[in-house]
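Keep in mind that what you see is a predicted model, and the values were worked out from it rather than measured.
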Amino acid sequence: MESLKHKISSYPKPEDLFSKNILKGYLAKPGADFFNVDNLKKAFSLIDFTTLDVTDTKFKVGNLCRKVNSLAGIFPGVPNVAAICVYPALVGEVKKQLKVPGVQIASVIGGFPASQTFLELKTLEAKMAIDAGATEADMVISVGKFLEGNYQEVFDEIVAIKAVLGSAHLKVILETGALNHEQIYHASLLAMEAGADFIKTSTGKFNPAATPEAMAIMCLAINEFQKKHKKKIGIKPAGGIASAEDAMLYFSIVKNILGDDWLNNKLFRIGASRLATKLLEKISEQEGR
């Protein structure tokens with residue numbers, strides 16, 4: 001069996017793949033023409049409509065579901081969000097109240113947001129979330145172990161959690177605000193080699209959360225993984241993305257590095273709670289509603 005060290009060393013070194021100047025080239029704010037109604041609607045369809053607060057209740061989660069259920073009637077022609085993302089204990093409530101086919105039920109798992117618990121509990125929580133109705137799971141890497149250099153242990157945890165999810169998609173959160181550029185690149189490769197279906201920037205509970213620089217590095221890593229394995233891995237920025245301008249910047253980064261094939265909710269998500277309203281306002285402006 002190929003060792004983890006060999007897997008990672010087979011990729012280009014970060015210094016050969018990107019520099020500050022190369023990253024800067026991907027981070028230019030898109031022009032006004034990029035804010036067309038088609039792109040705005042597509043961005044809306046990428047949203048993981050999220051609530052992850054200590055004050056979350058069944059009523060609050062039910063209200064999220066009601067907003068999603070009523071979208072087509074209020075905004076005809078606007079595609080619905082990709083998923084509703086909640087804590088594991090509230091997955092059952094989403095399953096009960098969500099009425100829109102095709103909208104996924106995502107649960108954070110694995111001792112979110114710190115991932116500082118036992119692997120046995122992480123895998124049990126993952127199984128219980130899936131049993132409750134989750135179709136996707138968002139886990140955080142053991143950042144502390146990664147920073148200590150225990151890469152094999154981080155890798156093995158992802159493999160173990162992926163194994164209990166069955167057909168459910170696994171999004172692996174890197175918590176990029178705690179990592180430097182080189183670490184973001186290596187953590188991206190590690191997560192994908194371990195079986196991640198998506199790699200995700202942040203929990204939104206650690207500052208800084210998503211940044212364009214981290215997003216660009218993760219996209220470059222995905223591109224290298226796709227070249228090596230002929231397999232497309234999804235990407236999800238999350239945390240602090242609250243405006244249409246933010247969404248369009250991340251949209252343009254994905255388009256410029258990974259291409260149009262990634263501009264759909266099978267391969268690109270945006271984790272947000274406030275963004276949906278802002279995008280609907282922009283769409284309404286464009287369409288003169």
side-chain hydrogen bond (donor to acceptor under 3.5 Å, both in side chains) involving [X] - partner list, sequence neighbours excluded:
X      : answer
Lys232 : none
Thr277 : none
Glu125 : none
Lys162 : Asp197

Does some side-chain heavy atom of [Y] sit less than 4.5 Å from a side-chain heavy atom of [X]?
X      : Y      : answer
Leu64  : Thr50  : no
Lys41  : Glu287 : yes
Ser188 : Ile222 : no
Phe75  : Ser284 : yes
Val103 : Phe49  : no
Ile184 : Glu213 : no
Cys219 : Phe268 : no
Val143 : Ser115 : no

For this session: Decide side-chain contact (heavy atoms from CB on, under 4.5 Å) for Val81 and Leu71; before the verdict, give the C-alpha distance in whole Å, the side-chain angles of both, and the deciding distance to 0.1 Å.
Result: CA-CA 9 Å; Val81 296; Leu71 181 80; 5.8 Å; no
Connected via hydrophobic side-chain network under 4.5 Å: [X] and [Y]:
X      : Y      : value
Ile109 : Tyr87  : yes
Phe206 : Ile141 : no
Met139 : Phe118 : no
Val154 : Leu147 : yes
Leu124 : Ile130 : no

Going by salt bridge (charged side-chain N to carboxylate O under 4.0 Å, His left out), name the residues that satisfy it together with [X], two or more places apart in sequence or in a different chain.
X      : answer
Lys236 : Asp48, Asp138
Lys228 : Glu193
Asp33  : none

If we ignore hydrogens and angles and just use 3.5 Å, is the side chain of [X] paired with the main-chain N or O of [Y] as donor and acceptor?
X      : Y      : value
Asn39  : Phe34  : yes
Lys266 : Leu263 : no
Thr201 : Ala238 : yes

Which heavy-atom pair separates [X] from [Y] by the least distance, and what is that distance?
X      : Y      : answer
Ile199 : Ala191 : CG2-CB, 3.9 Å
Val164 : Ala126 : CG2-CB, 3.8 Å
Ala216 : Leu27  : CB-CD2, 4.2 Å
Asp246 : Gly240 : OD2-O, 3.7 Å
Trp262 : Leu258 : CE3-O, 3.3 Å
Leu46  : Lys42  : CG-O, 3.1 Å

Taking side-chain contact (heavy atoms from CB on, under 4.5 Å) as the test, write out the residues that go with [X], two or more places apart.
X      : answer
Lys231 : Phe225, His229, Ile233
Lys278 : Glu281
Ser202 : Glu175, Thr176, Ala209, Ala210

Problem set entry | His186 vs Tyr151, side-chain contact (heavy atoms from CB on, under 4.5 Å): CA-CA, chis, key distance, verdict | CA-CA 10 Å; His186 286 138; Tyr151 306 126; over 6 Å; no
Problem set entry | Lys24 NZ: over 12 foreign heavy atoms closer than 6.0 Å |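 No - once you tally the heavy atoms of other residues, nucleotides and ligands closer than 6.0 Å, there are 12 at most.
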Rounded to the nearest 0.5 Å, what separates atom [atom1] in [X] from atom [atom2] in [Y]?
X      : Y      : atom1 : atom2 : value
Gln226 : Asp261 : CD    : CG    : 8.5 Å
Ile8   : Leu190 : CD1   : CG    : 5.5 Å
Arg269 : Ile47  : CZ    : CD1   : 11.5 Å
Leu280 : Leu40  : CG    : CG    : 10.0 Å
Met218 : Asn223 : CE    : CG    : 14.0 Å
Tyr250 : Ile235 : OH    : CD1   : 10.0 Å

Exercise. What about Tyr11 and Tyr185, are their ring centers closer than 6.0 Å?
Worked result: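 No, the ring centres sit 6.0 Å or more apart.
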Exercise. Is there a side-chain contact (heavy atoms from CB on, under 4.5 Å) between Lys58 and Leu90 once you walk through the steps?
Worked result: CA-CA 7 Å; Lys58 288 183 178 181; Leu90 290 164; 4.0 Å; yes
For this session: Using the side-chain hydrogen bond (donor to acceptor under 3.5 Å, both in side chains) rule, collect all pairs that involve residues 59-74, keeping only residues at least two apart or in two chains.
Result: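 Residue pairs passing side-chain hydrogen bond (donor to acceptor under 3.5 Å, both in side chains), neighbours aside: Thr51-Lys60, Asp53-Lys60, Asp56-Lys60, Arg66-Gln97.
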Problem set entry | SB check Lys29 Glu245 (cutoff 4.0 Å) |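 Answer for the salt bridge query: no.
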For this session: Begin from the C-alpha positions of Glu136 and Phe198 and carry the test side-chain contact (heavy atoms from CB on, under 4.5 Å) through to its verdict.
Result: CA-CA 10 Å; Glu136 301 179 347; Phe198 275 73; 5.8 Å; no
Exercise. Taking only residues at least two apart or on different chains, which pairs with a member in residues 140-158 satisfy salt bridge (Lys or Arg N to Asp or Glu O under 4.0 Å)?
Worked result: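 Only Lys122-Glu157, Lys145-Glu153, Lys145-Glu157 qualify under salt bridge (Lys or Arg N to Asp or Glu O under 4.0 Å).
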